[in-house]
Protein chains: 2
Amino acid sequence: MRKRSQTELAVLGALSLAPMSGYRVRAEILSTLGHFWAESFGQIYPTLARLEAAGLVARDGNALYVLTEPGRLRLVELLREAPESSPPRNGVLLRLFFGRELGIDGCLELFDQMEREVQEKLRALAEIRAELDPGDPDERFALITVSAGEHSGRATLAWIAESRAALTVPPMRPKV
Amino acid sequence: MRKRSQTELAVLGALSLAPMSGYRVRAEILSTLGHFWAESFGQIYPTLARLEAAGLVARDGNALYVLTEPGRLRLVELLREAPESSPPRNGVLLRLFFGRELGIDGCLELFDQMEREVQEKLRALAEIRAELDPGDPDERFALITVSAGEHSGRATLAWIAESRAALTVPPMRPKV
DNA sequence: CTCCCCATGTAACTGGTTACATGATTCA
DNA sequence: TGAATCATGTAACCAGTTACATGGGGAG
(Lines give C-alpha, C1' and ligand atoms only; values in the text may rest on other atoms or scores of the structure.)
Protein backbone atom coordinates (compact mmCIF):
# COMPACT_ATOMS: atom_id res chain seq x y z
CA MET A 1 0.00 0.00 0.00
CA ARG A 2 1.43 3.34 -0.98
CA LYS A 3 1.56 5.95 1.73
CA ARG A 4 -0.50 8.18 -0.49
CA SER A 5 -3.46 5.92 0.19
CA GLN A 6 -3.27 6.59 3.90
CA THR A 7 -3.85 10.29 3.37
CA GLU A 8 -6.73 9.41 1.06
CA LEU A 9 -8.03 7.15 3.77
CA ALA A 10 -7.94 9.89 6.39
CA VAL A 11 -9.68 12.37 4.10
CA LEU A 12 -12.34 9.95 2.93
CA GLY A 13 -12.87 8.90 6.53
CA ALA A 14 -13.35 12.48 7.67
CA LEU A 15 -15.91 13.02 4.93
CA SER A 16 -17.70 9.83 6.00
CA LEU A 17 -18.60 11.66 9.22
CA ALA A 18 -20.25 14.62 7.48
CA PRO A 19 -19.91 16.84 4.40
CA MET A 20 -17.40 19.59 5.07
CA SER A 21 -14.96 22.04 3.54
CA GLY A 22 -11.30 21.23 3.05
CA TYR A 23 -10.52 23.56 5.88
CA ARG A 24 -12.90 21.62 8.10
CA VAL A 25 -11.41 18.33 7.02
CA ARG A 26 -8.12 19.54 8.31
CA ALA A 27 -9.64 20.84 11.54
CA GLU A 28 -11.48 17.57 12.02
CA ILE A 29 -8.34 15.50 11.50
CA LEU A 30 -6.48 17.79 13.86
CA SER A 31 -9.02 17.67 16.67
CA THR A 32 -10.54 14.23 16.31
CA LEU A 33 -7.74 12.08 14.92
CA GLY A 34 -5.06 14.39 16.25
CA HIS A 35 -3.74 12.10 18.95
CA PHE A 36 -2.81 9.39 16.49
CA TRP A 37 -2.85 10.98 13.05
CA ALA A 38 -1.61 14.13 11.31
CA GLU A 39 -2.10 15.72 7.92
CA SER A 40 -0.96 19.09 6.65
CA PHE A 41 -2.72 21.57 4.38
CA GLY A 42 -0.21 20.82 1.68
CA GLN A 43 -1.50 17.26 1.55
CA ILE A 44 -5.20 17.74 2.09
CA TYR A 45 -6.04 20.10 -0.75
CA PRO A 46 -4.22 18.20 -3.50
CA THR A 47 -5.73 14.99 -2.17
CA LEU A 48 -9.23 16.46 -2.26
CA ALA A 49 -8.62 17.62 -5.83
CA ARG A 50 -7.49 14.14 -6.84
CA LEU A 51 -10.42 12.51 -5.10
CA GLU A 52 -12.82 14.87 -6.83
CA ALA A 53 -11.27 14.17 -10.23
CA ALA A 54 -11.68 10.45 -9.52
CA GLY A 55 -15.33 10.93 -8.60
CA LEU A 56 -14.83 9.72 -5.04
CA VAL A 57 -15.95 13.01 -3.56
CA ALA A 58 -18.09 15.84 -4.98
CA ARG A 59 -19.10 19.38 -4.05
CA ASP A 60 -22.62 19.89 -2.75
CA GLY A 61 -24.77 23.01 -3.12
CA ASN A 62 -22.74 24.84 -0.46
CA ALA A 63 -19.43 23.86 -2.08
CA LEU A 64 -18.84 21.39 0.74
CA TYR A 65 -17.15 18.12 -0.11
CA VAL A 66 -19.37 15.07 0.18
CA LEU A 67 -18.48 11.42 -0.07
CA THR A 68 -19.96 9.81 -3.18
CA GLU A 69 -21.05 6.19 -3.29
CA PRO A 70 -17.84 5.13 -5.10
CA GLY A 71 -16.03 7.13 -2.47
CA ARG A 72 -17.58 5.12 0.33
CA LEU A 73 -16.70 1.89 -1.42
CA ARG A 74 -13.14 3.09 -1.82
CA LEU A 75 -13.05 4.00 1.85
CA VAL A 76 -14.05 0.50 2.88
CA GLU A 77 -11.52 -0.92 0.45
CA LEU A 78 -8.75 1.18 1.99
CA LEU A 79 -9.87 0.30 5.51
CA ARG A 80 -9.44 -3.38 4.66
CA GLU A 81 -5.91 -2.93 3.38
CA ALA A 82 -3.09 -3.75 5.74
CA PRO A 83 -2.26 -0.79 7.98
CA GLU A 84 1.07 0.66 7.07
CA SER A 85 3.39 1.19 9.98
CA SER A 86 5.93 3.89 9.33
CA PRO A 87 9.47 2.89 10.25
CA PRO A 88 10.03 3.50 13.94
CA ARG A 89 11.95 6.65 14.83
CA ASN A 90 11.96 7.42 18.50
CA GLY A 91 14.23 10.38 19.16
CA VAL A 92 14.13 9.91 22.92
CA LEU A 93 15.21 6.29 22.79
CA LEU A 94 17.90 7.16 20.27
CA ARG A 95 19.34 9.63 22.74
CA LEU A 96 19.00 7.36 25.73
CA PHE A 97 20.76 4.57 23.87
CA PHE A 98 23.80 6.80 23.59
CA GLY A 99 23.38 7.89 27.20
CA ARG A 100 27.04 7.17 27.87
CA GLU A 101 27.90 10.12 25.61
CA LEU A 102 24.95 12.22 26.75
CA GLY A 103 25.53 11.71 30.48
CA ILE A 104 23.16 10.72 33.26
CA ASP A 105 21.94 14.27 33.82
CA GLY A 106 21.00 14.61 30.18
CA CYS A 107 19.07 11.35 30.38
CA LEU A 108 17.20 12.49 33.46
CA GLU A 109 16.25 15.70 31.69
CA LEU A 110 14.86 13.65 28.83
CA PHE A 111 12.74 11.73 31.31
CA ASP A 112 11.47 14.91 32.95
CA GLN A 113 10.49 16.47 29.67
CA MET A 114 8.88 13.31 28.38
CA GLU A 115 6.96 12.86 31.63
CA ARG A 116 5.48 16.33 31.30
CA GLU A 117 4.49 15.67 27.70
CA VAL A 118 2.83 12.38 28.53
CA GLN A 119 0.92 13.88 31.44
CA GLU A 120 -0.27 16.65 29.15
CA LYS A 121 -1.37 14.08 26.60
CA LEU A 122 -3.24 12.07 29.22
CA ARG A 123 -5.06 15.22 30.31
CA ALA A 124 -6.10 15.91 26.72
CA LEU A 125 -7.30 12.33 26.32
CA ALA A 126 -9.33 12.56 29.53
CA GLU A 127 -11.12 15.56 28.05
CA ILE A 128 -11.92 13.73 24.84
CA ARG A 129 -13.12 10.72 26.79
CA ALA A 130 -15.42 12.89 28.91
CA GLU A 131 -17.20 14.04 25.77
CA LEU A 132 -17.85 10.56 24.44
CA ASP A 133 -20.89 8.48 25.28
CA PRO A 134 -19.85 4.90 26.13
CA GLY A 135 -23.36 3.71 25.37
CA ASP A 136 -23.34 4.91 21.77
CA PRO A 137 -22.27 2.01 19.52
CA ASP A 138 -20.73 4.41 17.00
CA GLU A 139 -18.61 6.13 19.61
CA ARG A 140 -17.16 2.89 20.90
CA PHE A 141 -14.62 3.12 18.09
CA ALA A 142 -13.48 6.56 19.09
CA LEU A 143 -13.27 5.37 22.69
CA ILE A 144 -11.01 2.52 21.66
CA THR A 145 -8.55 4.94 20.09
CA VAL A 146 -8.63 7.10 23.21
CA SER A 147 -8.03 4.04 25.33
CA ALA A 148 -5.01 3.16 23.20
CA GLY A 149 -3.46 6.51 23.99
CA GLU A 150 -4.19 6.10 27.69
CA HIS A 151 -2.66 2.64 27.89
CA SER A 152 0.39 3.84 26.02
CA GLY A 153 0.74 6.94 28.19
CA ARG A 154 0.49 5.03 31.45
CA ALA A 155 3.02 2.49 30.20
CA THR A 156 5.39 5.31 29.36
CA LEU A 157 5.03 6.79 32.85
CA ALA A 158 5.77 3.42 34.43
CA TRP A 159 8.79 2.98 32.18
CA ILE A 160 10.08 6.43 33.08
CA ALA A 161 9.80 5.74 36.81
CA GLU A 162 11.56 2.42 36.44
CA SER A 163 14.31 3.81 34.23
CA ARG A 164 14.95 6.82 36.41
CA ALA A 165 15.57 4.46 39.28
CA ALA A 166 17.86 2.30 37.15
CA LEU A 167 19.97 5.32 36.31
CA THR A 168 20.14 6.95 39.72
CA VAL A 169 20.71 3.85 41.84
CA PRO A 170 24.31 2.76 41.25
CA PRO A 171 24.32 -0.46 39.28
CA MET A 172 25.19 -3.61 41.20
CA ARG A 173 26.84 -6.65 39.76
CA PRO A 174 24.72 -9.67 40.65
CA LYS A 175 26.28 -11.57 43.51
CA VAL A 176 28.17 -14.63 42.35
CA MET B 1 16.15 20.70 14.69
CA ARG B 2 16.11 19.55 11.14
CA LYS B 3 15.28 15.92 10.55
CA ARG B 4 18.56 15.62 8.72
CA SER B 5 20.32 15.95 12.05
CA GLN B 6 18.63 12.87 13.41
CA THR B 7 20.15 10.69 10.71
CA GLU B 8 23.49 12.31 11.43
CA LEU B 9 22.92 11.55 15.07
CA ALA B 10 22.24 7.89 14.43
CA VAL B 11 25.30 7.54 12.21
CA LEU B 12 27.63 9.40 14.56
CA GLY B 13 26.23 7.38 17.43
CA ALA B 14 26.90 4.10 15.66
CA LEU B 15 30.48 5.17 14.98
CA SER B 16 30.87 6.11 18.66
CA LEU B 17 30.58 2.40 19.44
CA ALA B 18 33.43 1.35 17.12
CA PRO B 19 34.99 2.18 13.76
CA MET B 20 33.10 0.42 10.98
CA SER B 21 32.20 0.47 7.30
CA GLY B 22 29.08 2.15 5.98
CA TYR B 23 27.61 -1.27 5.43
CA ARG B 24 28.27 -2.12 9.08
CA VAL B 25 26.76 1.16 10.21
CA ARG B 26 23.58 0.13 8.55
CA ALA B 27 23.73 -3.39 9.98
CA GLU B 28 24.41 -1.95 13.44
CA ILE B 29 21.48 0.43 13.22
CA LEU B 30 19.28 -2.38 11.97
CA SER B 31 20.18 -4.88 14.67
CA THR B 32 20.92 -2.68 17.67
CA LEU B 33 18.66 0.33 17.22
CA GLY B 34 16.24 -1.56 15.02
CA HIS B 35 13.38 -1.72 17.50
CA PHE B 36 13.11 2.05 17.75
CA TRP B 37 15.04 3.47 14.81
CA ALA B 38 15.42 2.93 11.07
CA GLU B 39 17.72 4.24 8.37
CA SER B 40 18.02 3.20 4.76
CA PHE B 41 21.09 2.82 2.57
CA GLY B 42 19.99 5.79 0.56
CA GLN B 43 20.43 7.94 3.66
CA ILE B 44 23.48 6.41 5.25
CA TYR B 45 25.99 6.74 2.43
CA PRO B 46 25.26 10.37 1.55
CA THR B 47 25.30 11.19 5.25
CA LEU B 48 28.68 9.55 5.72
CA ALA B 49 30.00 11.50 2.73
CA ARG B 50 28.72 14.75 4.22
CA LEU B 51 30.14 13.93 7.63
CA GLU B 52 33.51 13.10 6.09
CA ALA B 53 33.54 16.36 4.12
CA ALA B 54 32.78 18.20 7.36
CA GLY B 55 35.63 16.44 9.14
CA LEU B 56 33.33 14.78 11.66
CA VAL B 57 34.34 11.30 10.55
CA ALA B 58 37.43 10.00 8.73
CA ARG B 59 38.65 6.78 7.11
CA ASP B 60 41.20 4.76 9.00
CA GLY B 61 43.90 2.51 7.52
CA ASN B 62 41.33 -0.17 6.68
CA ALA B 63 38.99 2.34 5.08
CA LEU B 64 36.66 2.07 8.05
CA TYR B 65 34.90 5.18 9.20
CA VAL B 66 36.05 6.50 12.56
CA LEU B 67 34.61 9.28 14.68
CA THR B 68 36.95 12.28 14.88
CA GLU B 69 37.17 14.48 17.94
CA PRO B 70 34.99 17.19 16.31
CA GLY B 71 32.65 14.36 15.43
CA ARG B 72 32.31 13.31 19.03
CA LEU B 73 31.64 16.90 20.07
CA ARG B 74 28.99 17.16 17.38
CA LEU B 75 27.44 13.93 18.59
CA VAL B 76 27.11 15.27 22.13
CA GLU B 77 25.71 18.51 20.74
CA LEU B 78 23.06 16.61 18.77
CA LEU B 79 22.25 14.42 21.75
CA ARG B 80 21.48 17.53 23.76
CA GLU B 81 19.09 18.93 21.19
CA ALA B 82 15.41 18.37 21.75
CA PRO B 83 14.30 15.00 20.40
CA GLU B 84 12.13 15.40 17.36
CA SER B 85 8.92 13.46 17.45
CA SER B 86 7.60 12.70 14.01
CA PRO B 87 3.91 13.49 13.62
CA PRO B 88 1.87 10.52 14.86
CA ARG B 89 0.52 8.21 12.17
CA ASN B 90 -1.00 5.05 13.52
CA GLY B 91 -2.63 3.12 10.69
CA VAL B 92 -4.34 0.68 13.03
CA LEU B 93 -6.00 3.40 15.11
CA LEU B 94 -7.00 5.22 11.94
CA ARG B 95 -8.83 2.11 10.78
CA LEU B 96 -10.39 1.39 14.15
CA PHE B 97 -11.65 4.93 14.39
CA PHE B 98 -13.69 4.32 11.24
CA GLY B 99 -14.72 0.92 12.57
CA ARG B 100 -18.35 1.70 11.77
CA GLU B 101 -17.43 1.54 8.07
CA LEU B 102 -14.95 -1.29 8.48
CA GLY B 103 -17.25 -3.52 10.52
CA ILE B 104 -16.68 -5.38 13.78
CA ASP B 105 -15.11 -8.37 12.06
CA GLY B 106 -12.57 -6.17 10.33
CA CYS B 107 -11.69 -4.59 13.66
CA LEU B 108 -11.23 -7.97 15.31
CA GLU B 109 -8.91 -9.01 12.49
CA LEU B 110 -6.86 -5.89 13.10
CA PHE B 111 -6.57 -6.86 16.75
CA ASP B 112 -5.53 -10.42 15.89
CA GLN B 113 -2.86 -9.27 13.50
CA MET B 114 -1.55 -6.62 15.84
CA GLU B 115 -1.46 -9.08 18.73
CA ARG B 116 0.72 -11.44 16.72
CA GLU B 117 3.05 -8.63 15.76
CA VAL B 118 3.40 -7.42 19.33
CA GLN B 119 4.07 -10.92 20.62
CA GLU B 120 6.74 -11.34 17.99
CA LYS B 121 8.27 -8.04 19.00
CA LEU B 122 8.29 -9.02 22.67
CA ARG B 123 10.03 -12.27 21.79
CA ALA B 124 12.71 -10.36 19.88
CA LEU B 125 13.17 -7.96 22.80
CA ALA B 126 13.52 -10.86 25.23
CA GLU B 127 16.38 -12.16 23.11
CA ILE B 128 18.13 -8.83 23.11
CA ARG B 129 17.66 -8.51 26.85
CA ALA B 130 19.15 -11.94 27.43
CA GLU B 131 22.35 -10.82 25.75
CA LEU B 132 22.77 -7.70 27.87
CA ASP B 133 24.57 -7.59 31.19
CA PRO B 134 22.53 -5.63 33.75
CA GLY B 135 25.66 -5.04 35.80
CA ASP B 136 27.53 -3.26 33.02
CA PRO B 137 27.00 0.51 33.47
CA ASP B 138 27.31 1.08 29.73
CA GLU B 139 24.67 -1.47 28.88
CA ARG B 140 22.12 0.04 31.24
CA PHE B 141 21.25 2.46 28.46
CA ALA B 142 20.55 -0.29 25.97
CA LEU B 143 18.48 -2.06 28.63
CA ILE B 144 16.38 1.05 29.10
CA THR B 145 15.48 1.13 25.43
CA VAL B 146 14.60 -2.57 25.55
CA SER B 147 12.47 -1.93 28.58
CA ALA B 148 10.63 0.82 26.74
CA GLY B 149 9.64 -1.64 24.03
CA GLU B 150 8.52 -4.18 26.59
CA HIS B 151 6.36 -1.73 28.51
CA SER B 152 4.83 -0.52 25.29
CA GLY B 153 4.21 -4.03 24.03
CA ARG B 154 2.55 -5.20 27.23
CA ALA B 155 0.37 -2.08 27.27
CA THR B 156 -0.69 -2.81 23.71
CA LEU B 157 -1.64 -6.38 24.62
CA ALA B 158 -3.73 -5.14 27.54
CA TRP B 159 -5.40 -2.59 25.32
CA ILE B 160 -6.19 -5.22 22.70
CA ALA B 161 -7.79 -7.52 25.28
CA GLU B 162 -9.86 -4.69 26.69
CA SER B 163 -10.93 -3.43 23.27
CA ARG B 164 -11.83 -6.84 21.95
CA ALA B 165 -14.18 -7.22 24.88
CA ALA B 166 -15.66 -3.77 24.30
CA LEU B 167 -16.46 -4.69 20.71
CA THR B 168 -17.81 -8.19 21.25
CA VAL B 169 -19.92 -7.57 24.34
CA PRO B 170 -23.00 -5.66 23.19
CA PRO B 171 -22.78 -2.13 24.54
CA MET B 172 -25.07 -1.27 27.44
CA ARG B 173 -26.46 2.12 28.21
CA PRO B 174 -25.56 2.97 31.79
CA LYS B 175 -28.53 2.45 34.06
CA VAL B 176 -30.30 5.69 34.97
C1' DC C 1 -12.25 49.62 9.92
C1' DT C 2 -9.46 46.39 11.57
C1' DC C 3 -8.54 41.95 13.16
C1' DC C 4 -9.35 37.29 13.21
C1' DC C 5 -11.07 33.13 11.45
C1' DC C 6 -12.66 30.55 7.42
C1' DA C 7 -11.22 29.02 3.07
C1' DT C 8 -8.29 27.51 -1.02
C1' DG C 9 -4.50 26.75 -3.00
C1' DT C 10 0.77 26.50 -4.79
C1' DA C 11 5.90 26.24 -4.89
C1' DA C 12 10.06 25.18 -2.93
C1' DC C 13 12.23 22.34 -0.15
C1' DT C 14 13.46 18.32 2.76
C1' DG C 15 13.61 13.84 4.02
C1' DG C 16 13.35 9.22 2.95
C1' DT C 17 12.66 4.80 0.22
C1' DT C 18 13.41 1.79 -3.54
C1' DA C 19 15.51 -0.03 -7.18
C1' DC C 20 19.34 -0.30 -9.70
C1' DA C 21 24.36 -0.81 -10.80
C1' DT C 22 28.77 -2.44 -9.62
C1' DG C 23 32.37 -5.11 -7.81
C1' DA C 24 35.34 -7.57 -4.10
C1' DT C 25 35.78 -11.39 -0.95
C1' DT C 26 34.74 -15.69 1.09
C1' DC C 27 33.35 -20.25 1.37
C1' DA C 28 31.21 -24.46 0.05
C1' DT D 1 32.61 -22.04 -10.04
C1' DG D 2 28.88 -20.27 -8.25
C1' DA D 3 26.31 -18.43 -4.30
C1' DA D 4 26.24 -15.49 -0.41
C1' DT D 5 27.77 -11.71 1.93
C1' DC D 6 30.31 -7.39 2.26
C1' DA D 7 30.71 -3.02 0.31
C1' DT D 8 29.65 1.57 -2.06
C1' DG D 9 27.07 4.34 -4.33
C1' DT D 10 23.30 6.84 -7.44
C1' DA D 11 18.84 8.14 -9.66
C1' DA D 12 14.14 8.29 -9.65
C1' DC D 13 10.51 8.73 -7.10
C1' DC D 14 7.29 9.66 -3.32
C1' DA D 15 5.61 11.84 0.77
C1' DG D 16 5.25 15.57 3.62
C1' DT D 17 6.14 20.30 5.60
C1' DT D 18 6.52 25.13 5.36
C1' DA D 19 5.96 29.35 3.73
C1' DC D 20 3.70 32.08 0.81
C1' DA D 21 -0.30 34.24 -1.68
C1' DT D 22 -5.01 35.43 -1.83
C1' DG D 23 -9.45 36.71 -0.49
C1' DG D 24 -14.35 36.52 1.90
C1' DG D 25 -17.06 37.27 6.05
C1' DG D 26 -18.19 38.35 10.67
C1' DA D 27 -17.26 40.50 15.29
C1' DG D 28 -15.81 44.01 18.08
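Keep in mind the model is a prediction, meaning the values are calculated, not measured. A note on names: the letters A, B, ... follow the listed sequences, proteins ahead of strands, and every chain is numbered from 1.
Atoms CE (A:M20) and C1' (C:dT8) sit 17 Å apart, rounded to a whole Å. Taking atom CD1 of B:I44 as the reference point, atom P of D:dC6 lies 14 Å away to the nearest angstrom. What separates CH2 of A:W37 from P of D:dA15 is a distance of 12 Å, to the nearest Å. In this entry the distance linking CD of A:E84 with C1' of D:dC14 reads 11 Å, nearest Å. Here D:dT8 presents its P atom at 14 Å from CG of B:L51, a figure rounded to the nearest Å. The interatomic distance linking B:L48 (CG) with D:dA7 (P) rounds to 13 Å, in whole Å. At whole-Å resolution of the value, CG in A:N62 and P in D:dG24 are 19 Å apart. If you measure from atom OH of B:Y65 to atom P of D:dT8, you get 6 Å, rounded to the nearest angstrom.
For A:Y23 and C:dT8, the shortest distance from a side-chain N or O to OP1 or OP2 is not below 4.0 Å. A sub-4.0 Å separation between OP1 or OP2 of D:dG9 and a side-chain N or O of B:R50 is absent. Distances shown here put every side-chain N or O of B:R26 at or beyond 4.0 Å from the OP1 or OP2 atom of C:dT17. The side chain of B:T7 contributes an N or O atom lying less than 4.0 Å from OP1 or OP2 of C:dG16.
With hydrogens and angles ignored, the 3.5 Å screen pairs no side-chain donor or acceptor of A:T68 with any backbone N or O of A:A58.
For B:R89, the side-chain atoms get nearest to D:dG16 when compared with the rest of D:dG16, C:dG9, C:dT17. In this structure, of D:dG16, D:dT8, C:dT8, it is C:dT8 that holds the atom nearest to the side chain of A:F41. Nearest nucleotide to the B:S40 side chain, out of C:dT8, D:dT8, C:dG16: C:dG16. Considering only the side chain of B:R24, D:dC6 comes nearest among D:dA15, D:dC6, C:dG15. Listed candidates were C:dT8, D:dT10, C:dT17. Nearest to the side chain of B:Q43 is C:dT17.
Taking 4.5 Å as the limit, some side-chain heavy atom of B:R89 sits within range of a side-chain heavy atom of A:T7. No side-chain heavy atom of A:W37 sits under 4.5 Å from any side-chain heavy atom of B:F97.
Enclosure of atom CZ in B:R50 by more than 12 non-hydrogen atoms of other residues, nucleotides or ligands within 6.0 angstrom is indicated.
Nucleic acid contact class of A:G42 (heavy atoms, under 4.0 Å, all strands): base.
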Take A:E77 and A:R72 through the salt bridge (Lys or Arg N to Asp or Glu O under 4.0 Å) test and state the conclusion after the steps.
CA-CA 9 Å; A:E77 190 182 51; A:R72 189 170 298 271; over 6 Å; no
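Of the two residues near DNA chain C, A:L64 and A:P46, the one whose nearest nucleotide lies more 5' is A:L64.
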